[in-house]
Amino acid sequence: MPNDMSHNPAPPCPATALRGRTARWCDRAQALAADPGLTQDGAAKALDHLAGLQADLAEARLMHTRPLQAQLDLAERRYKPAEAAVTEARAALSEAFLRAKPSIGDLFGHVPHGTRADAVVLDDDAPDDPTRRLRPLSVTRALIDLEALRPYLSDEAIRIAVANHLADTGRADVKGVSYAALPAAAEAPCKIY
């Protein structure tokens with residue numbers, strides 16, 4: 001660490017000191033990662049140091065954001081119950097809507113499996129009606145066609161599913177997934193190809 005020889009130096013700001021420490025340690029980690037002589041023991045120790053630094057950064061961030069969080073909590077306590085009540089009322093009324101006898105023609109209600117969204121939303125009776133949308137109502141897990149959904153699963157959704165499978169079963173046996181045993185402090189994001 002550089003030595004400040006100025007007369008009566010001001011004490012460093014904790015955030016500035018942490019940013020400086022972060023820069024030095026990250027530079028050192030990059031150098032270690034490129035070192036052909038790096039051992040697993042050396043890498044594990046460096047990972048532990050970096051995990052400690054990350055914990056220090058998180059603690060400092062929380063200290064600075066605590067007043068903001070208090071204001072957010074206050075707003076949540078004021079409005080969240082009312083929003084939840086309205087959402088619950090809308091859900092109950094929507095369910096009742098589907099059970100109610102039709103009074104507006106065939107514009108709303110259940111649609112046959114395989115119906116195209118544009119056939120429901122943009123039909124002849126109301127071609128530009130923004131109040132009607134085709135929406136999924138329920139999913140039967142055992143029958144769902146996961147292949148049809150594959151293009152719409154985000155990388156994060158796939159990562160979560162793989163991690164949950166490993167946590168629940170304790171087995172590294174999902175086809176198409178490679179596994180590695182790493183130190184607890186390792187940060188190895190799962191890449192999706």
Query raised in the report: Does a side-chain heavy-atom distance below 4.5 Å link D173 with H165?
Result: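 Answer yes - side chains close enough.
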Report task. State, with a plain yes or no, whether a side-chain heavy atom of L137 is found less than 4.5 Å away from one of L98. Result ->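 SC-SC contact between L137 and L98 confirmed.
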Linked, directly or transitively: [X] and [Y] (ILVMFWY side chains, under 4.5 Å):
| X | Y | answer |
| --- | --- | --- |
| L146 | V139 | yes |
| V177 | L153 | yes |
| L32 | L53 | no |

Under 6.0 Å from the [atom1] atom of [X], do we count more than 12 heavy atoms belonging to anything else shown?
| X | atom1 | value |
| --- | --- | --- |
| R159 | CZ | yes |
| R21 | CZ | yes |
| E88 | CD | no |
| Q40 | CD | no |

Roughly how far apart are [X] [atom1] and [Y] [atom2], rounded to 0.5 Å?
| X | Y | atom1 | atom2 | answer |
| --- | --- | --- | --- | --- |
| R66 | L68 | CZ | CG | 11.5 Å |
| Q69 | E76 | CD | CD | 8.5 Å |
| D155 | Y193 | CG | OH | 11.5 Å |
| L47 | L182 | CG | CG | 8.5 Å |
| R28 | H49 | CZ | NE2 | 10.5 Å |
| S154 | I192 | OG | CD1 | 9.0 Å |

Would you name the heavy atoms of [X] and [Y] that are closest together and state the gap between them?
| X | Y | value |
| --- | --- | --- |
| A43 | L38 | N-CD1, 3.8 Å |
| P151 | A148 | CD-O, 3.6 Å |
| D48 | A185 | OD1-CB, 3.4 Å |
| Y179 | V174 | OH-N, 3.3 Å |

Query raised in the report: Does the T39 side chain pair with the main chain of G42, one donor and one acceptor, at a distance under 3.5 Å?
Result: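 Yes.
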Query raised in the report: With no hydrogens and no angle check, is any side-chain donor or acceptor of T140 less than 3.5 Å from a backbone partner on L143?
Result: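 Absent.
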Query raised in the report: So does D73 pair up with R77, basic N to acidic O under 4.0 Å?
Result: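 No, no charged N to carboxylate O under 4.0 Å.
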Query raised in the report: Taking it one step at a time, do R61 and L57 satisfy side-chain contact (heavy atoms from CB on, under 4.5 Å)?
Result: CA-CA 6 Å; R61 180 177 42 79; L57 287 165; over 6 Å; no
